Amino acid sequence: MIGSVEILDAGKAIRLRNNDGSEARFHAVWLRDNALDPDTRDAGNGQRLITVNGIPDDVRIGAASVEGDDVLVTFAPEGKSVRFPSQWLRAHAYDRSATRAAGWLPTALETWDGALNTAVPCDSFDRLASDRGALGGWLAAVRRYGFAKVSGGPVEDGALMTVAALFGYVRETNYGKWFEVRTEVNPSNLAYTGLGLQAHTDNPYRDPVPTLQILYCLENSAEGGESMVVDGFAAALRLKDEDPRGFDLLARYCARFDYAGSAGVRLSARRPMIELSPDGELIGVRFNNRSTAPITDVPYDDMADYYAAYRRLADIIDDPAMAVSFKLEPGESFIVDNTRVLHARKGYSGAGTRWLQGCYADKDGLLSTLSAIEHEAREAAQ
Ligand code: FE2
């Protein structure tokens with residue numbers, strides 16, 4: 001509950017004092033831009049009806065008072081009164097002084113290592129398709145951990161499309177709506193046995209990169225061939241602990257990635273291996289030994305240290321203690337946040353077939369569906 005409101009700096013801001021002793025300041029121009037009245041925000045679609053440069057240059061708070069659980073603000077020179085619920089103000093408070101250290105993560109995310117092997121997030125396809133609450137829980141796990149499994153799906157060509165349809169849309173690429181990950185293991189040809197793949201994020205040569213990948217198992221009678229996932233954010237933060245300068249180099253300089261493996265396709269991207277937002281949030285990892293191009297954006301004087309950090313990050317990613325491993329059964333699949341979680345395949349041995357299908361999808365659609373489910377749950381609880 002808000003106890004009092006005080007006008008600051010000749011009306012350029014207000015300070016709210018809550019009954020619990022906490023305080024929050026808001027600027028007049030910020031409040032005016034975010035006014036909740038139907039002349040400022042469309043009551044139907046919630047979109048803003050004013051432009052930021054349409055706000056008077058001399059906007060200020062002419063009067064402010066606490067009325068019940070709301071703060072009533074009158075803007076001068078318009079003489080316009082707007083009501084702000086205290087809950088809304090709390091949810092949108094920005095009065096923080098501390099700048100956050102590089103590599104910070106939102107509270108909805110949790111980094112992990114091999115200890116998550118005992119608690120792999122997973123739900124059954126039937127439950128996800130029929131129970132919106134279960135779907136919300138599974139999507140929240142994807143948001144939190146950057147990966148989750150689905151069990152008990154149909155064993156049929158293209159079934160992975162039904163997993164994507166649980167939350168959003170497939171992103172079609174030059175590899176098609178989906179692609180085959182099929183290897184006939186031939187014991188007479190050792191070249192096709194024991195071939196693992198280092199953990200990687202897919203398609204770092206695209207910009208924007210595919211933000212989700214689904215890998216769906218249709219057959220897996222080969223020995224070995226387990227799937228592994230590694231939390232790229234945990235790996236990047238471990239590098240930061242061990243070697244802050246190495247972390248900074250991989251975040252500060254762009255690597256280059258390219259792919260020209262089929263006719264008519266020449267993809268390339270110039271992005272850092274560790275991507276931070278301007279205020280230091282860890283927002284992406286790109287790591288793929290097969291498609292890293294010659295790196296030419298690191299100055300000569302920093303290249304040796306850059307490579308030392310790159311090699312150390314690779315060692316961390318290869319550390320078995322970082323990995324969660326599982327063998328997919330037919331009808332099982334997993335999804336990874338391809339901006340964060342690396343995936344790998346252990347080597348094969350013996351006879352048998354491993355047939356997976358993969359596709360890409362967009363994380364914004366997944367998070368939108370999750371947010372809508374969470375909104376529905378809040379509305380239902382009221
Ligand atoms: Fe891959």
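Both ligands and their constituent atoms are indexed starting at 1 by order of listing. Quick caveat: nothing in here was measured; it's all calculated off a predicted structure.
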Please work out which of the three classes, parallel, tilted or perpendicular, describes the rings of Tyr94 and His27, given edges at 30° and 60°. parallel

Excluding waters, which protein N, O or S atoms are within less than 2.8 Å of the Fe ion (ligand 1)? His200 NE2, Asp202 OD1, His343 NE2

side-chain contact (heavy atoms from CB on, under 4.5 Å), that's the test. Do Leu342 and Val229 meet it? Break it down for me. CA-CA 6 Å; Leu342 301 87; Val229 287; over 6 Å; no

Which residue in the set Phe179, Tyr169, Trp178 passes ring pair (Phe, Tyr, Trp, His ring centres under 6.0 Å) when paired with Tyr360? Phe179

How are the rings of Phe84 and Phe75 set to each other: parallel, tilted or perpendicular (split at 30° and 60°)? perpendicular

Ring center gap for Trp355 and Tyr216 short of 6.0 angstrom: no

Compute the ring centroids of Tyr205 and Tyr259, then answer whether they are less than 6.0 Å apart. yes

